[in-house]
There are 2 protein chains.
Amino acid sequence: MESTELIPKYYKIQELLLGKIRTGEWKVGDEIPSEQDLCSTYNVSRGTLRRAIDALVRQGLLTRIQGKSTFVAKPKIPIFSNGFRADIRSSGQFANSRILYYDKRPCPDDITALLSLDNAPMIYELSRVIEAEHEPIILEHVYIPDNYGEKLTVDDLIQTSLLDLIPQACGILLKKAIESYEPTLLTQEEAHRLNAKAGQVAILDQAITFDINNIPVFLSKALIRGDRARVATEITFTI
Amino acid sequence: MESTELIPKYYKIQELLLGKIRTGEWKVGDEIPSEQDLCSTYNVSRGTLRRAIDALVRQGLLTRIQGKSTFVAKPKIPIFSNGFRADIRSSGQFANSRILYYDKRPCPDDITALLSLDNAPMIYELSRVIEAEHEPIILEHVYIPDNYGEKLTVDDLIQTSLLDLIPQACGILLKKAIESYEPTLLTQEEAHRLNAKAGQVAILDQAITFDINNIPVFLSKALIRGDRARVATEITFTI
DNA sequence: TTAAATTTGTTCGTATGTATA
DNA sequence: CTATACATACGAACAAATTTA
(Lines give C-alpha, C1' and ligand atoms only; values in the text may rest on other atoms or scores of the structure.)
Protein backbone atom coordinates (compact mmCIF):
# COMPACT_ATOMS: atom_id res chain seq x y z
CA MET A 1 0.00 0.00 0.00
CA GLU A 2 2.76 2.41 0.97
CA SER A 3 4.67 3.94 -1.90
CA THR A 4 8.38 3.15 -2.07
CA GLU A 5 9.72 5.54 0.57
CA LEU A 6 13.39 6.30 0.27
CA ILE A 7 13.53 8.01 3.65
CA PRO A 8 12.50 5.92 6.67
CA LYS A 9 9.79 7.19 9.01
CA TYR A 10 12.03 7.28 12.08
CA TYR A 11 14.35 9.64 10.29
CA LYS A 12 11.59 11.97 9.13
CA ILE A 13 10.32 12.23 12.69
CA GLN A 14 13.83 12.84 13.97
CA GLU A 15 14.08 15.83 11.62
CA LEU A 16 10.67 17.12 12.67
CA LEU A 17 11.57 16.98 16.35
CA LEU A 18 14.95 18.58 15.67
CA GLY A 19 13.09 21.40 13.90
CA LYS A 20 11.01 22.07 16.98
CA ILE A 21 14.18 22.44 19.03
CA ARG A 22 16.03 24.54 16.45
CA THR A 23 13.17 26.96 15.90
CA GLY A 24 12.67 27.37 19.62
CA GLU A 25 9.15 25.98 19.61
CA TRP A 26 10.56 23.67 22.27
CA LYS A 27 12.89 25.64 24.52
CA VAL A 28 15.69 24.50 26.84
CA GLY A 29 14.24 22.73 29.86
CA ASP A 30 10.81 22.24 28.27
CA GLU A 31 8.99 18.99 28.78
CA ILE A 32 8.08 17.56 25.39
CA PRO A 33 4.86 15.57 24.77
CA SER A 34 4.77 11.94 25.96
CA GLU A 35 5.70 9.13 23.62
CA GLN A 36 2.03 8.13 23.45
CA ASP A 37 1.04 11.62 22.35
CA LEU A 38 3.80 11.83 19.75
CA CYS A 39 2.87 8.38 18.42
CA SER A 40 -0.69 9.47 17.73
CA THR A 41 0.43 12.88 16.43
CA TYR A 42 2.73 11.34 13.85
CA ASN A 43 0.80 8.10 13.44
CA VAL A 44 3.69 5.73 14.08
CA SER A 45 4.38 2.88 16.47
CA ARG A 46 6.22 3.47 19.71
CA GLY A 47 9.32 1.64 18.48
CA THR A 48 9.65 3.91 15.49
CA LEU A 49 9.12 7.02 17.56
CA ARG A 50 11.67 5.92 20.16
CA ARG A 51 14.23 5.29 17.44
CA ALA A 52 13.88 8.93 16.40
CA ILE A 53 14.17 10.23 19.95
CA ASP A 54 17.13 7.90 20.67
CA ALA A 55 19.31 9.70 18.14
CA LEU A 56 18.51 13.13 19.62
CA VAL A 57 19.22 11.84 23.12
CA ARG A 58 22.60 10.44 22.05
CA GLN A 59 23.54 13.84 20.65
CA GLY A 60 22.59 15.50 23.89
CA LEU A 61 19.66 17.50 22.51
CA LEU A 62 17.05 15.71 24.60
CA THR A 63 17.17 14.09 28.03
CA ARG A 64 14.87 11.28 29.08
CA ILE A 65 13.92 10.54 32.68
CA GLN A 66 12.20 7.22 33.26
CA GLY A 67 8.77 7.59 34.81
CA LYS A 68 8.85 11.34 34.36
CA SER A 69 9.19 12.71 30.87
CA THR A 70 11.57 13.85 28.12
CA PHE A 71 13.11 17.32 28.19
CA VAL A 72 15.06 19.66 25.94
CA ALA A 73 18.65 19.55 27.20
CA LYS A 74 20.81 22.47 28.23
CA PRO A 75 23.49 23.80 25.83
CA LYS A 76 26.92 22.21 25.96
CA ILE A 77 29.62 23.48 28.31
CA PRO A 78 32.67 24.80 26.44
CA ILE A 79 35.94 23.33 27.71
CA PHE A 80 38.86 25.60 26.95
CA SER A 81 42.13 23.83 26.44
CA ASN A 82 44.50 26.79 25.94
CA GLY A 83 46.01 25.31 22.84
CA PHE A 84 47.50 22.46 24.85
CA ARG A 85 44.94 19.78 24.97
CA ALA A 86 47.30 17.71 27.09
CA ASP A 87 46.61 20.25 29.79
CA ILE A 88 42.84 20.11 29.66
CA ARG A 89 42.92 17.88 32.66
CA SER A 90 44.48 20.36 35.02
CA SER A 91 43.52 23.87 33.99
CA GLY A 92 41.89 26.26 36.41
CA GLN A 93 38.38 25.89 35.06
CA PHE A 94 38.08 22.50 36.71
CA ALA A 95 37.71 23.19 40.39
CA ASN A 96 36.68 19.67 41.23
CA SER A 97 38.66 16.57 40.35
CA ARG A 98 37.62 13.45 42.22
CA ILE A 99 40.19 10.65 42.35
CA LEU A 100 38.58 7.22 42.12
CA TYR A 101 41.80 5.32 42.78
CA TYR A 102 45.57 5.51 42.41
CA ASP A 103 47.41 2.24 42.78
CA LYS A 104 49.93 -0.20 41.38
CA ARG A 105 48.80 -3.08 39.18
CA PRO A 106 49.95 -5.22 36.25
CA CYS A 107 50.11 -3.17 33.06
CA PRO A 108 47.51 -4.01 30.39
CA ASP A 109 49.03 -5.28 27.14
CA ASP A 110 47.95 -2.37 24.96
CA ILE A 111 49.41 0.17 27.39
CA THR A 112 52.66 -1.80 27.61
CA ALA A 113 53.03 -1.53 23.86
CA LEU A 114 52.14 2.16 23.64
CA LEU A 115 54.64 3.11 26.36
CA SER A 116 57.37 0.84 24.92
CA LEU A 117 57.77 -1.04 28.21
CA ASP A 118 59.34 -4.43 28.90
CA ASN A 119 57.28 -7.56 29.28
CA ALA A 120 54.69 -7.78 32.04
CA PRO A 121 55.65 -4.60 33.93
CA MET A 122 53.80 -3.08 36.87
CA ILE A 123 52.21 0.33 36.42
CA TYR A 124 50.45 2.95 38.50
CA GLU A 125 46.95 3.68 37.32
CA LEU A 126 45.20 6.92 38.20
CA SER A 127 41.46 7.11 37.64
CA ARG A 128 39.61 10.35 38.19
CA VAL A 129 36.47 12.23 37.29
CA ILE A 130 36.80 15.90 36.44
CA GLU A 131 33.85 18.24 36.84
CA ALA A 132 32.88 21.49 35.16
CA GLU A 133 29.98 23.64 36.27
CA HIS A 134 29.20 21.06 38.96
CA GLU A 135 28.70 18.27 36.44
CA PRO A 136 31.01 15.29 35.89
CA ILE A 137 32.39 15.84 32.39
CA ILE A 138 35.67 13.93 31.95
CA LEU A 139 36.60 10.40 33.01
CA GLU A 140 40.37 10.04 32.87
CA HIS A 141 42.72 7.09 33.26
CA VAL A 142 46.43 7.83 33.50
CA TYR A 143 49.08 5.11 33.30
CA ILE A 144 52.45 5.90 34.89
CA PRO A 145 55.32 3.35 34.93
CA ASP A 146 56.16 2.33 38.50
CA ASN A 147 59.59 3.98 38.66
CA TYR A 148 57.87 7.34 38.25
CA GLY A 149 54.52 6.46 39.73
CA GLU A 150 55.93 5.48 43.12
CA LYS A 151 57.22 9.02 43.58
CA LEU A 152 53.75 10.56 43.39
CA THR A 153 51.21 10.79 46.17
CA VAL A 154 47.46 11.20 46.00
CA ASP A 155 47.79 14.55 47.74
CA ASP A 156 50.13 15.77 45.01
CA LEU A 157 47.78 14.52 42.33
CA ILE A 158 44.85 16.40 43.80
CA GLN A 159 46.70 19.68 43.98
CA THR A 160 48.99 19.78 40.96
CA SER A 161 48.78 19.24 37.21
CA LEU A 162 50.59 16.10 36.02
CA LEU A 163 52.56 18.20 33.56
CA ASP A 164 53.92 20.24 36.47
CA LEU A 165 54.11 17.45 39.01
CA ILE A 166 56.05 14.79 37.13
CA PRO A 167 59.06 16.93 36.15
CA GLN A 168 59.26 18.20 39.71
CA ALA A 169 58.79 14.87 41.53
CA CYS A 170 60.73 12.65 39.14
CA GLY A 171 63.47 15.03 38.04
CA ILE A 172 62.82 14.81 34.31
CA LEU A 173 61.90 17.28 31.59
CA LEU A 174 58.88 16.80 29.36
CA LYS A 175 59.25 17.65 25.71
CA LYS A 176 56.16 16.75 23.73
CA ALA A 177 52.91 14.85 23.62
CA ILE A 178 51.30 12.85 20.85
CA GLU A 179 47.59 13.16 21.13
CA SER A 180 44.72 11.64 19.20
CA TYR A 181 40.99 11.86 19.58
CA GLU A 182 38.00 10.11 18.11
CA PRO A 183 34.27 10.03 18.72
CA THR A 184 32.80 7.07 20.58
CA LEU A 185 29.80 5.97 22.64
CA LEU A 186 29.72 5.58 26.42
CA THR A 187 29.59 2.07 27.83
CA GLN A 188 27.38 1.22 30.79
CA GLU A 189 30.35 1.48 33.17
CA GLU A 190 31.65 4.76 31.76
CA ALA A 191 28.16 6.26 31.76
CA HIS A 192 27.77 5.29 35.39
CA ARG A 193 31.03 7.00 36.38
CA LEU A 194 29.99 10.17 34.55
CA ASN A 195 26.42 10.15 35.79
CA ALA A 196 25.29 9.92 32.16
CA LYS A 197 23.39 7.45 30.01
CA ALA A 198 25.00 4.53 28.21
CA GLY A 199 25.17 5.03 24.45
CA GLN A 200 25.74 8.79 24.62
CA VAL A 201 28.32 10.26 22.25
CA ALA A 202 31.72 11.16 23.70
CA ILE A 203 35.26 12.02 22.65
CA LEU A 204 38.02 9.61 23.53
CA ASP A 205 41.24 11.61 23.83
CA GLN A 206 44.49 9.68 24.18
CA ALA A 207 47.82 11.37 24.86
CA ILE A 208 51.30 9.97 25.29
CA THR A 209 53.77 12.38 26.87
CA PHE A 210 57.51 12.09 26.13
CA ASP A 211 60.65 13.35 27.89
CA ILE A 212 63.51 15.24 26.24
CA ASN A 213 65.01 11.94 25.06
CA ASN A 214 61.75 11.04 23.31
CA ILE A 215 61.09 8.26 25.82
CA PRO A 216 57.40 7.80 26.70
CA VAL A 217 56.68 8.92 30.26
CA PHE A 218 52.97 8.45 30.78
CA LEU A 219 49.75 7.82 28.92
CA SER A 220 46.37 9.40 29.47
CA LYS A 221 42.99 8.31 28.18
CA ALA A 222 40.32 10.94 28.73
CA LEU A 223 36.69 10.36 27.93
CA ILE A 224 34.82 13.64 27.45
CA ARG A 225 31.02 13.65 27.54
CA GLY A 226 29.70 14.86 24.20
CA ASP A 227 26.18 15.56 25.38
CA ARG A 228 27.30 18.18 27.89
CA ALA A 229 30.62 19.48 26.58
CA ARG A 230 32.53 20.61 23.54
CA VAL A 231 36.27 21.22 23.42
CA ALA A 232 37.51 24.67 22.42
CA THR A 233 41.03 25.71 21.44
CA GLU A 234 42.69 28.89 20.30
CA ILE A 235 45.44 28.61 17.71
CA THR A 236 47.85 31.44 16.98
CA PHE A 237 49.50 31.38 13.57
CA THR A 238 53.25 31.77 13.56
CA ILE A 239 54.15 33.40 10.27
CA MET B 1 10.61 -16.33 35.74
CA GLU B 2 13.71 -14.26 34.96
CA SER B 3 15.48 -12.85 37.99
CA THR B 4 15.63 -9.07 38.27
CA GLU B 5 18.40 -8.30 35.79
CA LEU B 6 20.07 -4.94 36.28
CA ILE B 7 21.88 -5.11 32.97
CA PRO B 8 19.73 -5.31 29.83
CA LYS B 9 20.21 -8.18 27.42
CA TYR B 10 21.14 -6.01 24.46
CA TYR B 11 24.04 -4.62 26.45
CA LYS B 12 25.33 -8.01 27.55
CA ILE B 13 25.31 -9.18 23.95
CA GLN B 14 27.07 -6.02 22.84
CA GLU B 15 29.86 -6.82 25.33
CA LEU B 16 30.05 -10.43 24.18
CA LEU B 17 30.38 -9.43 20.52
CA LEU B 18 32.94 -6.76 21.42
CA GLY B 19 34.93 -9.47 23.19
CA LYS B 20 35.03 -11.59 20.05
CA ILE B 21 36.50 -8.66 18.14
CA ARG B 22 38.95 -7.63 20.87
CA THR B 23 40.31 -11.13 21.40
CA GLY B 24 40.72 -11.65 17.68
CA GLU B 25 38.26 -14.52 17.49
CA TRP B 26 36.66 -12.37 14.82
CA LYS B 27 39.37 -10.73 12.73
CA VAL B 28 39.30 -7.67 10.49
CA GLY B 29 37.29 -8.41 7.35
CA ASP B 30 35.65 -11.51 8.80
CA GLU B 31 32.01 -12.15 8.09
CA ILE B 32 30.19 -12.64 11.38
CA PRO B 33 27.25 -15.07 11.79
CA SER B 34 23.87 -13.93 10.47
CA GLU B 35 21.39 -12.21 12.74
CA GLN B 36 19.25 -15.36 12.70
CA ASP B 37 22.18 -17.47 13.89
CA LEU B 38 23.15 -15.01 16.61
CA CYS B 39 19.54 -14.82 17.77
CA SER B 40 19.40 -18.55 18.37
CA THR B 41 22.92 -18.65 19.82
CA TYR B 42 22.08 -16.06 22.46
CA ASN B 43 18.40 -16.84 22.67
CA VAL B 44 17.08 -13.34 22.06
CA SER B 45 14.73 -11.72 19.61
CA ARG B 46 16.03 -10.09 16.48
CA GLY B 47 15.19 -6.59 17.74
CA THR B 48 17.33 -7.08 20.83
CA LEU B 49 20.21 -8.51 18.84
CA ARG B 50 20.10 -5.68 16.32
CA ARG B 51 20.18 -3.13 19.12
CA ALA B 52 23.47 -4.65 20.29
CA ILE B 53 24.97 -4.68 16.80
CA ASP B 54 23.74 -1.13 16.13
CA ALA B 55 26.03 0.27 18.81
CA LEU B 56 29.08 -1.54 17.43
CA VAL B 57 28.27 -0.35 13.92
CA ARG B 58 27.99 3.26 15.08
CA GLN B 59 31.44 3.01 16.64
CA GLY B 60 32.86 1.67 13.42
CA LEU B 61 33.74 -1.78 14.75
CA LEU B 62 31.31 -3.61 12.48
CA THR B 63 29.98 -2.88 9.00
CA ARG B 64 26.62 -4.08 7.76
CA ILE B 65 25.82 -4.65 4.10
CA GLN B 66 22.16 -5.20 3.36
CA GLY B 67 21.47 -8.47 1.62
CA LYS B 68 25.04 -9.66 2.21
CA SER B 69 26.25 -9.90 5.76
CA THR B 70 27.94 -8.09 8.66
CA PHE B 71 31.72 -7.75 8.77
CA VAL B 72 34.46 -6.73 11.19
CA ALA B 73 35.56 -3.25 10.08
CA LYS B 74 39.06 -2.12 9.24
CA PRO B 75 41.09 -0.07 11.77
CA LYS B 76 40.68 3.68 11.72
CA ILE B 77 42.83 5.92 9.51
CA PRO B 78 44.96 8.34 11.53
CA ILE B 79 44.66 11.95 10.33
CA PHE B 80 47.70 14.00 11.24
CA SER B 81 47.03 17.64 11.80
CA ASN B 82 50.54 19.04 12.36
CA GLY B 83 49.57 20.84 15.51
CA PHE B 84 47.34 23.19 13.49
CA ARG B 85 44.03 21.55 13.29
CA ALA B 86 42.81 24.45 11.20
CA ASP B 87 45.06 23.12 8.50
CA ILE B 88 43.83 19.55 8.52
CA ARG B 89 41.87 20.34 5.44
CA SER B 90 44.81 21.10 3.23
CA SER B 91 47.79 19.06 4.36
CA GLY B 92 49.64 16.82 1.96
CA GLN B 93 48.11 13.55 3.11
CA PHE B 94 44.86 14.47 1.40
CA ALA B 95 45.54 14.01 -2.28
CA ASN B 96 41.90 14.18 -3.26
CA SER B 97 39.58 17.00 -2.39
CA ARG B 98 36.35 17.05 -4.38
CA ILE B 99 34.49 20.36 -4.49
CA LEU B 100 30.72 19.90 -4.42
CA TYR B 101 29.96 23.58 -4.99
CA TYR B 102 31.30 27.10 -4.49
CA ASP B 103 28.77 29.88 -4.88
CA LYS B 104 27.19 32.99 -3.46
CA ARG B 105 24.03 32.76 -1.38
CA PRO B 106 22.23 34.42 1.53
CA CYS B 107 24.11 33.86 4.77
CA PRO B 108 22.40 31.59 7.33
CA ASP B 109 21.55 33.34 10.59
CA ASP B 110 23.88 31.34 12.82
CA ILE B 111 26.85 31.99 10.51
CA THR B 112 25.99 35.70 10.36
CA ALA B 113 26.21 35.88 14.13
CA LEU B 114 29.43 33.85 14.41
CA LEU B 115 31.21 36.02 11.81
CA SER B 116 29.84 39.28 13.30
CA LEU B 117 28.32 40.34 9.98
CA ASP B 118 25.62 42.90 9.26
CA ASN B 119 22.02 41.94 8.70
CA ALA B 120 21.12 39.64 5.83
CA PRO B 121 24.50 39.59 4.07
CA MET B 122 25.48 37.45 1.12
CA ILE B 123 28.20 34.86 1.60
CA TYR B 124 30.23 32.42 -0.47
CA GLU B 125 29.79 28.84 0.61
CA LEU B 126 32.34 26.19 -0.25
CA SER B 127 31.36 22.56 0.17
CA ARG B 128 33.87 19.81 -0.37
CA VAL B 129 34.64 16.21 0.46
CA ILE B 130 38.20 15.35 1.44
CA GLU B 131 39.51 11.83 0.99
CA ALA B 132 42.22 9.83 2.72
CA GLU B 133 43.40 6.42 1.56
CA HIS B 134 40.81 6.58 -1.23
CA GLU B 135 37.91 6.92 1.20
CA PRO B 136 35.78 10.03 1.74
CA ILE B 137 36.60 11.09 5.32
CA ILE B 138 35.80 14.78 5.82
CA LEU B 139 32.79 16.80 4.70
CA GLU B 140 33.61 20.48 4.97
CA HIS B 141 31.56 23.64 4.60
CA VAL B 142 33.43 26.95 4.51
CA TYR B 143 31.66 30.30 4.74
CA ILE B 144 33.51 33.29 3.30
CA PRO B 145 32.00 36.82 3.28
CA ASP B 146 31.41 38.04 -0.28
CA ASN B 147 34.06 40.78 -0.27
CA TYR B 148 36.71 38.09 0.19
CA GLY B 149 34.87 35.20 -1.44
CA GLU B 150 34.52 36.93 -4.80
CA LYS B 151 38.30 37.08 -5.11
CA LEU B 152 38.68 33.30 -5.01
CA THR B 153 38.21 30.85 -7.88
CA VAL B 154 37.42 27.18 -7.82
CA ASP B 155 40.79 26.49 -9.44
CA ASP B 156 42.55 28.26 -6.59
CA LEU B 157 40.53 26.35 -4.04
CA ILE B 158 41.45 23.01 -5.55
CA GLN B 159 45.16 23.74 -5.56
CA THR B 160 45.85 25.82 -2.47
CA SER B 161 45.11 25.71 1.26
CA LEU B 162 42.67 28.37 2.41
CA LEU B 163 45.19 29.53 4.99
CA ASP B 164 47.66 30.25 2.20
CA LEU B 165 45.16 31.36 -0.42
CA ILE B 166 43.17 33.99 1.46
CA PRO B 167 46.11 36.15 2.60
CA GLN B 168 47.51 36.04 -0.90
CA ALA B 169 44.27 36.68 -2.84
CA CYS B 170 42.69 39.14 -0.43
CA GLY B 171 45.74 40.97 0.83
CA ILE B 172 45.20 40.35 4.52
CA LEU B 173 47.15 38.64 7.28
CA LEU B 174 45.65 35.86 9.37
CA LYS B 175 46.45 35.85 13.06
CA LYS B 176 44.56 33.15 14.90
CA ALA B 177 41.72 30.65 14.83
CA ILE B 178 39.22 29.68 17.49
CA GLU B 179 38.37 26.06 17.06
CA SER B 180 35.96 23.77 18.83
CA TYR B 181 35.03 20.17 18.33
CA GLU B 182 32.38 17.84 19.63
CA PRO B 183 31.15 14.33 18.86
CA THR B 184 27.95 13.94 16.87
CA LEU B 185 26.04 11.49 14.66
CA LEU B 186 25.79 11.63 10.87
CA THR B 187 22.48 12.67 9.36
CA GLN B 188 21.09 10.92 6.31
CA GLU B 189 22.38 13.70 4.03
CA GLU B 190 25.86 13.86 5.59
CA ALA B 191 26.16 10.08 5.51
CA HIS B 192 25.27 10.10 1.82
CA ARG B 193 27.96 12.67 1.01
CA LEU B 194 30.56 10.65 2.90
CA ASN B 195 29.46 7.30 1.53
CA ALA B 196 28.73 6.21 5.09
CA LYS B 197 25.71 5.15 7.10
CA ALA B 198 23.36 7.54 8.88
CA GLY B 199 23.76 7.47 12.65
CA GLN B 200 27.51 6.81 12.62
CA VAL B 201 29.63 8.72 15.12
CA ALA B 202 31.61 11.71 13.82
CA ILE B 203 33.50 14.75 15.03
CA LEU B 204 32.10 18.16 14.19
CA ASP B 205 35.02 20.57 14.07
CA GLN B 206 34.22 24.28 13.79
CA ALA B 207 36.88 26.92 13.30
CA ILE B 208 36.65 30.70 12.96
CA THR B 209 39.78 32.32 11.55
CA PHE B 210 40.64 35.94 12.42
CA ASP B 211 42.86 38.58 10.81
CA ILE B 212 45.49 40.65 12.63
CA ASN B 213 42.79 43.09 13.77
CA ASN B 214 40.85 40.23 15.36
CA ILE B 215 38.10 40.54 12.76
CA PRO B 216 36.55 37.21 11.73
CA VAL B 217 37.53 36.26 8.17
CA PHE B 218 35.95 32.91 7.50
CA LEU B 219 34.28 29.98 9.20
CA SER B 220 34.75 26.29 8.57
CA LYS B 221 32.61 23.40 9.70
CA ALA B 222 34.30 20.05 9.13
CA LEU B 223 32.59 16.76 9.77
CA ILE B 224 35.09 13.95 10.27
CA ARG B 225 33.92 10.35 10.04
CA GLY B 226 34.50 8.62 13.36
CA ASP B 227 34.11 5.10 12.07
CA ARG B 228 37.05 5.41 9.69
CA ALA B 229 39.29 8.10 11.14
CA ARG B 230 40.84 9.49 14.29
CA VAL B 231 42.58 12.84 14.55
CA ALA B 232 46.20 12.92 15.71
CA THR B 233 48.24 15.92 16.86
CA GLU B 234 51.74 16.47 18.16
CA ILE B 235 52.23 19.10 20.85
CA THR B 236 55.64 20.49 21.74
CA PHE B 237 55.96 21.96 25.20
CA THR B 238 57.49 25.41 25.40
CA ILE B 239 59.22 25.66 28.74
C1' DT C 1 0.46 5.72 53.52
C1' DT C 2 -1.23 3.33 49.82
C1' DA C 3 -2.88 2.50 45.43
C1' DA C 4 -3.62 3.67 40.80
C1' DA C 5 -2.34 6.05 36.72
C1' DT C 6 1.27 7.82 33.80
C1' DT C 7 5.70 7.69 31.44
C1' DT C 8 9.89 5.81 30.03
C1' DG C 9 12.76 1.18 29.42
C1' DT C 10 13.21 -3.52 27.64
C1' DT C 11 11.82 -7.50 25.04
C1' DC C 12 9.24 -10.40 22.07
C1' DG C 13 6.87 -12.00 17.84
C1' DT C 14 5.48 -11.01 13.35
C1' DA C 15 5.16 -8.93 8.89
C1' DT C 16 6.93 -6.74 4.96
C1' DG C 17 10.47 -4.34 2.16
C1' DT C 18 15.07 -4.17 -0.10
C1' DA C 19 19.55 -5.79 -1.57
C1' DT C 20 22.56 -9.60 -2.70
C1' DA C 21 23.97 -14.19 -4.15
C1' DC D 1 13.26 -16.63 -9.93
C1' DT D 2 14.34 -18.01 -5.38
C1' DA D 3 16.60 -18.21 -1.08
C1' DT D 4 19.21 -15.57 2.18
C1' DA D 5 20.37 -11.55 4.99
C1' DC D 6 19.82 -7.05 6.45
C1' DA D 7 16.18 -2.85 7.13
C1' DT D 8 11.98 -0.93 8.68
C1' DA D 9 7.70 -1.04 11.07
C1' DC D 10 3.84 -2.55 13.97
C1' DG D 11 1.57 -4.19 18.17
C1' DA D 12 1.70 -6.16 22.56
C1' DA D 13 3.36 -7.09 27.05
C1' DC D 14 5.73 -6.30 31.18
C1' DA D 15 9.20 -3.77 34.20
C1' DA D 16 10.77 0.32 36.61
C1' DA D 17 10.44 5.09 38.07
C1' DT D 18 7.57 8.94 38.98
C1' DT D 19 3.44 11.44 39.74
C1' DT D 20 -1.24 11.78 41.08
C1' DA D 21 -5.41 10.52 43.53
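No experiment lies behind these values; they were computed from the predicted model shown. Lettering of chains follows the sequences in order, A, B, ..., and the numbering in each one begins at 1.
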Would you say the ring centers of A/Tyr124 and A/Phe218 fall short of 6.0 Å from each other? no
Interatomic distance, B/Leu223 atom CG to B/Thr184 atom OG1 [nearest 0.5 angstrom]: 7.0 Å
A/Glu190: which residues meet the salt bridge (charged side-chain N to carboxylate O under 4.0 Å, His left out) condition with it, sequence neighbours left out? none
Please check this pair: side chain of A/Arg225 against backbone of A/Ala196, looking for a donor-acceptor N/O pair closer than 3.5 Å. no
Tell me the interatomic distance from B/Leu62, atom CG, to D/dA5, atom P, rounded to whole angstroms. 17 Å
Spacing of B/Leu49 atom CG relative to D/dC6 atom C1', expressed in whole Å: 11 Å
Counterpart residues, ring-ring contact (aromatic ring centres under 6.0 Å, His included), relative to B/Tyr11 (two or more places apart): none
Nucleic acid footprint by protein, nucleotides 3-10 of chain C - heavy-atom cut-off 4.0 Å, B for base, S for sugar-phosphate alone: ----BBBB
Separation of atom CD in B/Gln188 from atom C1' in D/dA7, rounded to whole Å: 12 Å
